Amino acid sequence: MKELQKLLADLNPEQRVAVTWPEGPVLILAGAGSGKTRVLAYRIAYLIGHKGVKPQNVLAVTFTNKAAEEMAQRVQNLLEGEMKPLWLGTFHSACVRILRRDGEYVGYARNFSIFDETDSLSILKEIMKELKLSEREYNPKAIRSRISGAKNALVGPEGYPVSNRYTEQVVRVYAAYNARLRQYNGLDFDDLLLKVVELLSGYENVKDIYSDRFRHILVDEYQDTNRAQYLIVQLLSSKHRNIFVVGDDDQSIYGFRGADINNILDFEKDFPDVKTVRLEQNYRSTRLILNAASSVVRNNVGRMGKELWTENEEGEKLVLIEAADEEDEAMMICENLFRSGRNLRDFVILYRTNAQSRPIEETMRRAGLPYIVVGGMRFYERKEVKDIIAYMRLVVNPKDSVSLKRIVNSPKRGIGPAVVGRLERFAGEQGISLYESILRIEEIEEIQERYMNALRGFRNVIEKAKASVDELGAAELMSQMIDDVGYIRELEQERTREAGSRIENVRELLSSAVSYEERATDRSIRGFLTEVSLFTAIDGWNEKQEAVTLMTVHNAKGLEFPVVFISGLEDGLFPHSSSFESPSELEEERRLFYVSMTRAKEKVYLSHARERTRFGGPMPSFPSRFLKEIPEDLIDTEKSKFSQFDVGDIVRHPDWGVAKVLRLEGDGDDVRAVLRFEAGFEKLVMLKYAGLTRASKEDQWG
DNA sequence: GTCAATAATTTTTTT
DNA sequence: AATTATTGAC
Ligand SMILES: Nc1ncnc2c1ncn2[C@@H]1O[C@H](COP(=O)(O)OP(=O)(O)OP(=O)(O)O)[C@@H](O)[C@H]1O
């Protein structure tokens with residue numbers, strides 16, 4: 001174990017106060033790169049290593065599974081000895097753990113399924129069909145987001161405000177959706193939190209167990225907790241009141257999914273005896289980057305207000321790349337990347353939306369630069385992977401009819417909607433699940449022999465797997481199932497490149513199960529399914545690989561890189577146009593930009609393009625309003641070789657030589673320039689045809 | 001019930 | 001541009 005003196009030597013005086021604060025509520029309110037996460041790790045090590053707190057009495061919550069892993073690693077390095085019984089994970093993973101043990105109180109058997117957004121959507125569509133609501137009038141995705149919003153705010157169908165015909169229908173769908181989830185013994189992401197709130201607030205005995213147990217609760221990234229998470233923290237800490245939260249109101253970027261910045265702003269009201277610690281020294285970034293980032297976020301109102309300073313050197317100016325279009329932007333990024341001569345793992349390229357990764361990927365591929373994309377189409381969202389997972393989910397939870405319907409005809413067994421409809425009717429009449437109706441298929445009249453045989457085959461493989469679900473590990477059970485249903489065999493017969501890559505993905509899924517078994521204490525398929533459900537793109541990111549990383553700004557939260565490129569800094573994209581009407585959403589976009597810049601240790605590149613392809617065609621784009629919020633003297637500008645020119649610029653025309661730009665008119669695709677050539681004559685040219693280039697220094701003339 | 005052609009829709013961010 | 005939903009032929 002690291003000696004106390006040594007432990008504390010890695011901290012500055014304020015951090016030390018936070019880490020060694022004896023008891024009661026503590027709020028660490030601090031800006032980017034001030035060591036909040038470090039303080040949290042040291043606090044855990046201090047409590048366990050020096051205050052005799054047992055690991056099982058500590059709950060530490062991080063924002064992602066990856067952050068949890070890293071935290072575990074850091075704490076382990078500071079301590080020796082067993083820390084396994086420590087609860088360390090995201091809110092969602094802690095909630096699953098609680099519900100797997102005690103979910104029965106609120107009506108869920110331990111083997112419940114976790115439904116992702118796609119599953120939710122298909123349930124909603126199913127319900128809307130039954131309620132005869134047209135998908136044109138009631139967009140299922142819009143309804144899903146309304147329901148999700150309501151759940152995050154802890155509003156049930158009873159409490160949902162009805163103000164018109166539309167909201168009336170939302171409530172009907174919402175109620176039916178919840179009933180259906182229960183029937184399927186499944187929870188959606190929002191339920192994982194919601195049901196824990198119900199459990200802890202409705203069952204005193206359960207609350208006692210957990211609030212007794214967690215003598216110390218620590219939460220990282222507290223500014224991005226939502227109402228449900230807030231209540232969970234309140235309930236769990238009600239007994240010992242040792243609640244240690246760290247966060248930065250300027251880094252709250254998940255408002256869109258219910259995160260409430262007031263949770264951190266009101267913490268001092270909720271706990272009047274709180275010890276608030278402010279950390280103001282930044283250890284991450286150069287002085288210049290810090291200045292630029294602070295200037296931007298200063299434009300927000302209602303902040304808690306922090307002044308960051310640093311002992312780091314001033315550093316290099318930010319570079320603003322002005323590109324012609326997204327391809328040019330990608331090229332210029334690559335050029336700068338090459339020019340710097342650094343290791344590829346030093347770079348991250350950030351963007352606001354996942355769609356922006358494509359042109360960058362293509363350019364990097366052409367340039368032969370290795371890269372990793374975090375996010376976008378996730379591995380576990382591919383059809384073949386979801387199919388196999390659905391098989392396993394059905395085995396674990398036979399009431400999971402969403403999964404059943406997904407795979408009853410995949411691989412093809414000739415079971416179409418008609419047969420499924422007949423089964424559903426029977427299930428409805430008998431009050432049984434869809435799978436049970438397959439078990440009792442023989443009782444159903446008017447089902448032809450060929451369908452019956454197909455369903456018997458299906459039933460046999462599921463039953464076989466069910467029999468060994470407790471004996472076999474995740475990988476073996478899954479591999480047996482793939483064999484039994486002939487999933488790979490069917491793909492092999494297709495003999496297409498597409499099918500080949502699907503087979504590869506199925507194999508990769510299997511190997512991820514193998515590695516799960518090596519890691520986990522619970523080797524069963526249940527544990528694996530839970531891990532898969534909660535797995536996110538960033539969790540799989542390997543930062544040590546020698547490659548450039550591409551990710552969204554949201555995914556970069558909490559990370560740091562020597563060099564950061566922030567691309568697509570255009571009005572409508574970053575800030576996104578959807579935020580234009582709402583001042584608070586615009587402020588969230590600004591915080592997003594603040595988070596982006598403060599990821600950088602040494603250098604920040606900003607880029608925008610004058611034209612960007614959207615919905616097929618090219619659309620003019622204008623520099624982000626946020627760029628104007630950075631003091632000009634902190635920025636060097638780099639213009640595209642296809643750059644538009646300013647009045648007064650010296651340019652070279654391919655036929656007529658060097659000229660000076662006298663006037664510019666028109667915009668977008670249709671810009672004309674009046675040029676005065678060295679020879680003395682003037683000419684009007686169309687920029688897009690003239691092929692002008694910026695003239696070099698020697699060409700300068702008066 | 002299956003498959004292919006056509007039409008519609010899509011881009012905000014994610015546990 | 002590309003993915004997804006719908007329609008219609010077999
Ligand atoms: N006392 C210290 N001495 C030296 N380096 C420190 C100290 N505290 C933190 N650091 C370093 O500063 C960097 C930022 O720390 P950390 O990630 O904990 O900050 P943070 O406040 O959580 O950042 P953010 O909110 O931006 O994610 C890390 O590289 C960390 O090692």
Side-chain angles (χ1 to χ4, degrees), chain A residues 61-68 89-96 114-118 120-122 125 135-136 139-141 144-145 148 151-152 187-194 221 224-226 228-229 252-259 326 350-359 362 374-378 380-383 408-421 448 450-451 454 494 530 533-539 551-557 568 572-580 582 585-586 588-589 591-593 595-596 612-619:
Chain A
V61 183
T62 58
F63 199 72
T64 63
N65 299 300
K66 182 175 177 69
T90 62
F91 273 106
H92 288 82
S93 66
C95 287
V96 170
I114 300 169
F115 293 134
D116 66 17
E117 282 180 301
T118 319
S120 298
L121 202 63
S122 62
K125 285 181 180 171
E135 290 191 13
R136 288 206 171 285
N139 178 266
K141 281 191 181 148
R144 180 182 62 187
S145 97
S148 172
K151 285 189 174 184
N152 280 321
L187 297 113
D188 62 22
F189 277 126
D190 305 317
D191 278 342
L192 295 177
L193 307 171
L194 197 61
E221 309 279 11
D224 271 323
T225 51
N226 64 26
Q229 292 165 335
S252 171
I253 55 174
Y254 280 90
F256 70 91
R257 64 167 208 224
E326 63 266 45
L350 301 179
Y351 35 77
R352 178 67 239 271
T353 66
N354 282 304
Q356 288 167 255
S357 74
R358 256 192 105 135
E362 273 163 25
V374 176
M377 175 68 165
R378 305 179 183 60
Y380 291 106
E381 281 168 16
R382 286 161 213 261
K383 180 190 181 298
V408 70
N409 200 31
S410 174
K412 300 210 168 46
R413 300 189 175 87
I415 306 294
V419 177
V420 174
Q448 287 177 34
R450 59 182 169 135
Y451 300 134
E494 277 185 42
T530 299
S533 296
L534 300 180
F535 187 86
T536 69
I538 193 72
D539 299 333
M551 63 171 91
T552 61
V553 179
H554 283 90
N555 271 318
K557 176 177 173 129
L573 191 57
F574 196 173
H576 197 269
S577 50
S578 59
S579 70
F580 285 173
S582 151
E585 281 179 46
L586 192 67
E588 181 153 313
E589 297 283 316
R591 290 194 291 270
L592 214 37
F593 187 37
V595 170
S596 318
R612 194 170 286 274
T613 312
R614 285 189 115 178
F615 293 109
M619 308 279 274

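Labels below follow one simple rule: chain letters A, B, ... track the order of the sequence lines, proteins then strands, and each chain is numbered from 1. For clarity, every value in this text was computed on a predicted model and none was experimentally measured.
- At the phosphate of dT11(B), neither OP1 nor OP2 sits under 4.0 Å from any side-chain N or O atom of Asn354(A).
- Rounded to whole Å, the separation between the P atoms of dT13(B) and dT4(C) comes to 15 Å.
- Nearest approach of Phe63(A) to Thr90(A), heavy atoms of both residues: O-CG2, 3.7 Å.
- For the pair His554(A) and dT13(B), the criterion of a side-chain N or O lying under 4.0 Å from OP1 or OP2 is not met.
- Between dT10(B), dT12(B), dG1(B), one nucleotide has an atom nearer to the side chain of Glu585(A) than all others, and that is dT12(B).
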With 3.5 Å as the limit, what N/O pairs link the protein to nucleotides 1-6 of chain C?
from	atom 1	to	atom 2	distance (Å)
dA2(C)	OP1	Arg358(A)	NH2	3.4
dA5(C)	OP1	Lys125(A)	NZ	3.4

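- The two atoms that bring Glu588(A) and Phe256(A) nearest to each other are OE2-N, 3.7 Å, heavy atoms only.
- When rounded to the nearest whole Å, the span between CD1 of Ile538(A) and C1' of dT13(B) equals 14 Å.
- The interatomic distance linking Asp539(A) (CG) with dT15(B) (P) rounds to 7 Å, in whole Å.
- Mapping Arg257(A) and Asn139(A) onto DNA chain B via the closest heavy atom, the residue that lands nearer the 5' end is Asn139(A).
- Contact annotation for Val553(A): no contact, since no heavy-atom pair falls under 4.0 Å across all strands.
- Backbone-only engagement by Tyr451(A) is indicated by non-hydrogen atom pairs under 4.0 Å involving sugar-phosphate atoms exclusively.
- Listed nucleotides: dT14(B), dT12(B), dT11(B). Nearest to the side chain of Lys141(A): dT11(B).
- The aromatic ring of Phe256(A) sits over the base of dT13(B), with ring centres less than 5.5 Å apart and planes inclined by under 30°.
- Ser579(A) and Glu589(A) get closest at one heavy-atom pair: OG-CG, 3.4 Å.
- What separates NZ of Lys557(A) from C1' of dT15(B) is a distance of 11 Å, to the nearest Å.
- When rounded to the nearest whole Å, the span between CZ of Phe63(A) and C1' of dT14(B) equals 8 Å.
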Contact letters for nucleotides 2-9 of chain B, in which S counts primed atoms plus P, OP1 and OP2 and B counts the base, heavy atoms under 4.0 Å: SS-----S
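- Once rounded to the nearest 0.5 Å, the distance linking OG1 of Thr64(A) with NE2 of His92(A) reads 12.5 Å.
- One atom, CG of Leu592(A), and another, P of dT13(B), lie 11 Å apart when rounded to the nearest Å.
- Under the salt bridge (Lys or Arg N to Asp or Glu O under 4.0 Å) criterion, Glu362(A) pairs with Arg358(A), not counting sequence neighbours.
- For the pair Leu193(A) and His576(A), both in contact range of DNA chain B, the more 5′-proximal nearest nucleotide belongs to His576(A).
- For Ala418(A), taking side-chain heavy atoms from C-beta onward, the closest of the listed nucleotides dT15(B), dT12(B), dG1(B) is dG1(B).
- No hydrogens or angles were tested; on distance alone, nothing pairs the side chain of Thr536(A) with the base of dT14(B) as donor and acceptor under 3.5 Å.
- Heavy atoms of Ala537(A) sit nowhere under 4.0 angstrom from any nucleic acid atom.
- Between Leu192(A) and Cys95(A) the shortest heavy-atom distance is O-CB, 3.3 Å.
- Looking only at atom types and distance, the side chain of Thr552(A) has no donor-acceptor partner in the side chain of His554(A) under 3.5 Å away.
- In this structure, CD of Glu381(A) is placed 10 Å from P of dT14(B), rounded to the nearest angstrom.
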Candidate pair Thr613(A) and Glu326(A), rule side-chain hydrogen bond (donor to acceptor under 3.5 Å, both in side chains), full reasoning: CA-CA 8 Å; Thr613(A) 312; Glu326(A) 63 266 45; 2.9 Å; yes
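- Here the side chain of Asp539(A) pairs a donor or acceptor atom with the backbone of Lys66(A) at under 3.5 angstrom.
- At the heavy-atom level, Asp190(A) lies nowhere under 4.0 Å from the strands shown.
- Checking the phosphate oxygens (OP1, OP2) of dT15(B), no side-chain nitrogen or oxygen of Asn226(A) falls inside 4.0 Å.
- We find the CG-CG distance between Leu193(A) and Asn152(A) to be 7.0 Å, quoted to the nearest 0.5 Å.
- For the residue pair Ser120(A) and Arg144(A), the shortest heavy atom distance occurs at CB-CD, 4.2 Å.
- Atom-to-atom, CG of Asn152(A) to P of dT15(B) comes out at 13 Å; the value is rounded to the nearest Å.
- Here the P atom of nucleotide dT12(B) and the CZ atom of Phe580(A) are 12 Å apart, to the nearest Å.
- Tyr254(A) comes within 4.0 angstrom of sugar-phosphate atoms only, judged by non-hydrogen atoms across all strands, and of no base.
- Judged by distance alone with a 3.5 Å cut-off, a donor-acceptor contact links the side chain of His92(A) to the base of dT15(B).
- Residue Asn65(A) is classed as having no contact, given no heavy-atom separation below 4.0 Å to the nucleic acid.
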